[in-house]
Amino acid sequence: MDIDNLNDRQREAVLYNNGPLLILAGAGSGKTKVLTTKIGYLIENMGISPYNILAITFTNKAAKEMKDRINLLIGDISKNLQVSTFHSFGLKLLRENCSVLGYDSNFVIMDSDDSLTVVKKILKELDYDPKVYNPRGIRNKISSCKNEMIMPNDYAKYAVSEYEKVVLKVYEKYESKLRHNNSVDFDDLLLLPIRLFRENPDILSRYQDRFKYVLIDEYQDTNEAQYILTKMISEKYRNITCVGDDSQSIYSFRGANYKNILNFEKDYKDAKTILLEQNYRSTKNILNAANCIIKHNLTRKDKNLWTSNPEGEKIKYYRAYNERDEAQYTIRKIKEYIVRGINYQDIAILYRTNAQSRILEEEMLKENLPYRVVGSFYFYSRKEIKDLIAYLRLIHNTKDNVSLLRVINTPKRGIGLKTIENLTTKADLKNESIYDIIDKGKELEFKEVIEKLRSIKDDLTLTELIDKVLDASGIRRELENEKTLDAEVRLENLEEFKSITKSFEEREGLVSLEEFLLEISLISDVEEYKDDANRISLMTIHSVKGLEFDNVFVVGMEEGIFPHMNSLMENSELEEERRLCYVAVTRAKRELHLVNTRRRTLFGKDQINPVSRFIGEIDSNLIESNLSDEQIKQEIKIDTDDMFRDEEVDYEIGDYVYHESFGAGRVVEVSNTLVSVAFKHPYGIRKLMKNHKKLSKV
């Protein structure tokens, strides 16, 4: 394996293969190159069997890229490698051990929409008002509990408030329904393997002996369940390599805990740590700006990105009058790029919230500029596609009540809500699936359609089966008869689904319906992004992680928007916003534009926001602007007089307080500058600055 093309730190990381290794890889420092070369070195130079190596990353796109790059390095032997996401690795463990955990082999994976449907049904059964007990909020709470390894019996210890007690009841019934339907949700793909290993040490030992070398990418994004699974699988041989960057941890809302990477050396006392600080992506000015911003975070590992790339253009800062001026400035600059011969696909516009894209899209349509909103409407989330998948899942597993209820009257076949309610009640009383108790009426005709499809499914290719489902179900006929543009688009989407099955068959050969359903259940939204589409990319900053562009515009750089309003009260959340800004800045390779407005209408409200503090954290000699140096200083300076009192207020545990946004609360913890206050649902416990003007003693 040729390692001469690596820098000294990269080479050191590849050569160290005896014990725990932490690679702190800054943005654009070649971490994927290091990981793939390291795997190639293990196989070619150290004689390690690919069968004994496990590599895990966070998206299917990243896993595929890693597989392709390893294949280029070492050839077909790489096919024996286990390179996957955490969830697909968890699925592999479940498929191989489902009977041990009490599941049939044809278990179904429910996506987030299916989970939401189940939660709504439970709330209805329990007679709780969904306006008071938000189904999406409860589903997210259940997911959060699972990611933190908190099962219903554990959660019972914390369920004190009325809301928490309702969550507990729903959580208990939710788990019961999943088991009864022979279903698992996405969180179970992490939770159940841990349970499997804890209850069956012999099975754990078997997998530890198989995966003697474990490599984890994006370690800063691991949640509690992923962290535990990683430790368990590598505990025996301790040849674990974790790669990540605490400065790019931006997914706490998904349960990610960046402290996992900060605590690596505590978990593994003999760990070696290597810093990859040379950036190959951006200009010096862009990197210096990123370093200026991130150094203001107190909780981080010390590292300083540098590059041998040219100094490059200064950061362009534009202060617009309003959001339309902001969009028009961005478009003017894009047109200048196009005149210079730059491709649309080399340009990205990033924003903190999806709502900011509307005005940008309007202006782009006026100017006839090609663009795409990345992740705006995910193909697999379209109604017609979800209906088709529900038919396929029901054909595969007739116990899947969620899929049955979705399509029993889709297209409409005269099966009313009352009939469906009676079927559901009867199935619950008999403790059977809805499908099994159907014995009359139009619902029996529906069952006969499914039975016919089940009888022929093994004689057809996946693509042929799709055609049969579209015909037998009546979906195709209904859309053709509708004769509208919308129906034509939906028919095209269903035809496009056949190209997915055909591609899958060409790649994997003759495969079963089960294998296909498991595969598509793991596909993530980010994979809709294609680099070869020559269009300007519009996306949230969370969506841009892992991508890079020559020219980047970050719009909406105002206090309350970026950093987001919800982060201004708590230092930990503000630090995550700063990491998000660091990610945004380091996506740019050649030129970076930071844009904001003096006034903005968002969510129907006219706002006048101060300039984002993140612009103020960049050295002024790195910035070029439509304002004079003196104006920049004035514009950038955040007026804290309106936000904070000059003196800190003394608080004691037990004090009653009032907050203008969160309402009444009670102090539960006091530190030097912060106070923790327990507010009523949905705010919970919040850490606030003692001297903030919005907070006062009652």
Side-chain angles (χ1 to χ4, degrees), residues 86-88 90-95 97-126 128 133 135-156 159 166-196 198-199 223 225 229 255 386 389-390 392-394 396-408 423-425 427-437 514 517-518 520-522:
F86 270 106
H87 287 96
S88 54
L91 174 58
K92 170 187 169 63
L93 297 174
L94 286 189
R95 288 183 71 183
N97 302 278
C98 58
S99 60
V100 179
L101 289 163
Y103 290 87
D104 295 337
S105 59
N106 64 341
F107 65 85
V108 168
I109 303 170
M110 296 204 310
D111 65 19
S112 57
D113 285 346
D114 295 329
S115 296
L116 184 60
T117 299
V118 174
V119 168
K120 286 177 178 175
K121 185 173 183 293
I122 292 169
L123 285 170
K124 188 176 180 182
E125 289 171 1
L126 295 174
Y128 288 119
Y133 300 100
R136 196 176 297 276
I138 291 178
R139 183 205 60 188
N140 292 345
K141 183 64 180 175
I142 290 171
S143 176
S144 177
C145 283
K146 286 191 170 190
N147 283 324
E148 293 296 317
M149 305 292 297
I150 299 171
M151 299 311 294
N153 56 328
D154 302 312
Y155 188 66
V166 171
V167 172
L168 175 60
K169 286 181 185 176
V170 176
Y171 191 3
E172 288 170 338
K173 283 187 75 77
Y174 175 83
E175 288 295 282
S176 174
K177 282 185 182 291
L178 257 60
R179 289 304 297 262
H180 186 64
N181 286 355
N182 193 36
S183 300
V184 298
D185 64 19
F186 245 57
D187 300 312
D188 287 328
L189 297 180
L190 302 175
L191 200 62
L192 290 173
I194 293 171
R195 200 186 103 202
L196 172 75
R198 283 178 171 169
E199 294 175 1
N223 61 30
L229 188 59
K386 287 187 72 69
I389 291 172
L392 295 175
R393 284 169 53 172
L394 186 60
H396 172 57
N397 175 14
T398 57
K399 289 182 180 178
D400 185 357
N401 287 344
V402 173
S403 293
L404 180 141
L405 291 171
R406 181 178 183 93
V407 297
I408 193 170
L423 286 172
T424 305
T425 303
D428 286 345
L429 288 172
K430 287 193 164 190
N431 201 27
E432 294 181 27
S433 71
I434 296 173
Y435 188 90
D436 286 340
I437 60 107
E514 176 185 10
L517 289 172
L518 292 174
I520 64 170
S521 69
L522 295 171

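None of the values given here were measured: they were computed from a predicted structure.
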> With a 4.0 Å cut-off on N to O distance, would you call R139 and D185 a salt bridge?
no

> Within the distance-only criterion (no hydrogens, no angle test), does the side chain of N97 pair as donor or acceptor with the backbone N or O of V100 below 3.5 angstrom?
no

> Is the count of non-hydrogen atoms from other residues, nucleotides or ligands lying under 6.0 Å from R136 atom CZ greater than 12?
no

> Looking at every heavy atom in both L394 and Y435, which two are closest together, and how far apart are they?
CD1-CD1, 4.4 Å

> Looking at D436 and K430, is there a salt bridge between them, counting it only when a charged N and a carboxylate O are closer than 4.0 Å?
no

> Does NZ or CZ of R179 come closer than 6.0 Å to the centre of the six-membered ring of F107, within 45° of the ring's axis?
no

> Could you check whether any side-chain N or O of D188 sits under 3.5 Å from a backbone N or O of L191, counting only pairs where one atom can act as donor and the other as acceptor?
no

> Identify, with sequence neighbours excluded, every residue that meets ring-ring contact (aromatic ring centres under 6.0 Å, His included) alongside H396.
none

> Would you call K121 and E125 a salt bridge, taking side-chain N to carboxylate O under 4.0 Å as the test?
yes

> State whether the side chain of N182 and the backbone N or O of D104 hold a donor-acceptor pair below 3.5 Å, judged by distance alone.
yes

> Is it true that atom NZ of K141 has more than 12 heavy atoms of other residues, nucleotides or ligands lying nearer than 6.0 Å?
no

> How long is the straight-line distance from CD1 of I142 back to CD of E175, given to the nearest 0.5 Å?
7.5 Å

> To the nearest 0.5 Å, what is the distance between CG on N223 and CD on E148?
7.0 Å

> Roughly how far, to the nearest 0.5 Å, is CG of L94 from OG of S88?
11.5 Å

> Start with the C-alpha distance between Y174 and S115, add both sets of side-chain angles, then the distance that settles side chain to side chain contact (heavy atoms under 4.5 Å, CB included), and finish with yes or no.
CA-CA 9 Å; Y174 175 83; S115 296; 3.0 Å; yes

> Drop me the distance from L93's CG to L229's CG, to the nearest 0.5 angstrom.
6.5 Å

> If you define the side chain from C-beta out and look only at heavy atoms, does anything of V402 sit under 4.5 Å from V108?
no

> Can any side-chain N or O of N147 pair as donor or acceptor with the backbone N or O of S144 at less than 3.5 Å?
no

> Does the side chain of N397 come within less than 4.5 Å of R393's, by heavy atoms?
no

